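Here the structure is a predicted model, which is why all the values come from computation and not from measurement. These values consider heavy atoms only, across backbone and side chains, with no hydrogens, waters or symmetry-generated copies.
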Amino acid sequence: PVYYRFSYGFSEFVVLNTGLDGMAFLDDIQLSFLMSVIQSLNETKQLKHLFILSHKFIWAPEDPDMQVISKNRIYKDLINQYNNANFYKDILPVIKMAKKPIYWITGDLKPLPLFFHKKNDVTYIATHIYDVAQDAVIQVKISDDGVTFHPISLSGEKLEPLEHYNVKYWEDWYAKK
């Protein structure tokens, strides 16, 4: 399937295809699917969190704060992928309906290894694996007390806590380049 959902423990997981036809957006079918997931999640007490997993970071290019991770990433042919971005117009209003914490995790951040940002009651996280020294994965721990994230370097490099790799960190990093 192009998109799907599953429950595990206290959490609902939704996997979306944000790269259909080479474009970075969410189509109407997946948007309706996401809306139905959120509506059902709001009606249950057993599930406490929603994790949205996607390839493209469709939430960054339109956002004035988070553009720091996309401004130097989206160039040449890649810029066309984001021409029809519909995050703020179509997707954000849907996820704002959620009455539970949302964590949107994306895996297309090359060349940046990690990103963390909270906005609009959503935690945005991005990472990548690209066969470079900065490659990292994120360990997610879910308990009754909440959700925690721990970056793990695949090359043995020392990493800071995930929250360290925020908008300010990347603004400072690009300013030094």
Side-chain angles (χ1 to χ4, degrees), residues 2-3 11-20 22-26 30-31 34 49-88 90-92 94-96 98 101-142 146-155 157-177:
V2 174
Y3 57 92
S11 303
E12 184 75 6
F13 294 82
V14 174
V15 179
L16 299 172
N17 186 348
T18 54
L20 286 171
M23 301 301 289
F25 75 105
L26 199 61
Q30 291 182 86
L31 191 60
L34 181 59
H49 318 100
L50 174 60
F51 289 86
I52 301 172
L53 311 171
S54 67
H55 178 217
K56 302 287 182 188
F57 52 87
I58 60 174
W59 36 261
E62 296 178 287
D63 185 275
D65 296 327
M66 292 189 283
Q67 280 180 353
V68 67
I69 67 166
S70 61
K71 68 179 178 183
N72 291 316
R73 165 68 170 88
I74 302 173
Y75 55 90
K76 297 182 184 169
D77 296 337
L78 294 177
I79 190 72
N80 296 330
Q81 293 180 16
Y82 293 87
N83 283 345
N84 295 319
N86 63 341
F87 185 79
Y88 276 89
D90 299 327
I91 302 166
L92 187 58
V94 169
I95 63 176
K96 279 186 169 183
I102 296 178
Y103 306 90
W104 193 311
I105 302 173
T106 298
D108 184 31
L109 195 57
K110 179 191 132 204
L112 312 178
L114 296 164
F115 177 76
F116 178 91
H117 186 63
K118 282 188 174 187
K119 185 174 186 173
N120 300 319
D121 298 321
V122 179
T123 301
Y124 300 94
I125 296 170
T127 188
H128 82 275
I129 298 175
Y130 200 66
D131 198 22
V132 294
Q134 296 83 11
D135 285 352
V137 295
I138 299 168
Q139 178 185 48
V140 181
K141 292 184 179 180
I142 305 167
V147 178
T148 57
F149 302 93
H150 306 279
I152 300 170
S153 170
L154 297 179
S155 65
E157 286 192 10
K158 181 183 180 307
L159 296 174
E160 299 293 334
L162 185 59
E163 296 79 3
H164 176 79
Y165 302 96
N166 56 29
V167 169
K168 173 123 177 54
Y169 174 87
W170 290 112
E171 287 173 343
D172 292 348
W173 186 82
Y174 275 118
K176 293 174 188 174
K177 276 186 88 175

Might you confirm whether atom [atom1] of [X] has over 12 heavy atoms from other residues, nucleotides or ligands at distances under 6.0 Å?
{"X": "Lys119", "atom1": "NZ", "result": "yes"}
{"X": "Asn120", "atom1": "CG", "result": "yes"}
{"X": "Tyr130", "atom1": "OH", "result": "no"}

Exercise. Is the Phe115-Phe57 ring centre distance short of 6.0 angstrom?
Worked result: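 Ring centres of Phe57 and Phe115 not closer than 6.0 Å.
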For this session: Answer yes if the ring centres of Phe13 and Phe51 are under 6.0 angstrom apart, and no otherwise.
Result: yes
Return the minimal non-hydrogen interatomic distance between [X] and [Y], and the atom names on each side.
{"X": "Thr127", "Y": "Ala136", "value": "OG1-O, 2.9 Å"}
{"X": "Ile95", "Y": "Phe87", "value": "CD1-CZ, 3.9 Å"}
{"X": "Glu160", "Y": "Pro151", "value": "O-CG, 3.2 Å"}
{"X": "Ser155", "Y": "Ala133", "value": "OG-O, 2.5 Å"}

Exercise. Under a 4.5 Å cut-off applied to non-hydrogen side-chain atoms, are Asp121 and Ile102 in contact?
Worked result: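 Asp121 does not reach Ile102 side chain to side chain.
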For this session: Flag the pair Asp135 / His128 as yes when at least one side-chain heavy-atom distance between them is below 4.5 Å, and no otherwise.
Result: yes
Between the side chain of [X] and the main-chain N/O of [Y], is any donor-acceptor distance below 3.5 Å?
{"X": "Asn166", "Y": "His117", "result": "no"}
{"X": "Gln30", "Y": "Tyr3", "result": "no"}
{"X": "Thr18", "Y": "Phe25", "result": "no"}
{"X": "Asn86", "Y": "Leu26", "result": "yes"}

Exercise. Is any NZ, NE, NH1 or NH2 atom of the basic residue among Lys176 and Asp172 found under 4.0 Å from an Asp or Glu carboxylate oxygen of the other?
Worked result: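 A salt bridge is absent here (no side-chain N lies under 4.0 Å from a carboxylate O).
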Problem set entry | Ring geometry between Tyr174 and Trp170 (parallel below 30°, tilted from 30 to 60°, perpendicular above 60°) |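 Tilted.
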For this session: Please determine, by modelled atom types, if Trp59 and Thr106 share a side-chain donor-acceptor pair under 3.5 angstrom.
Result: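 Note: Trp59 and Thr106 side chains meet the donor-acceptor criterion.
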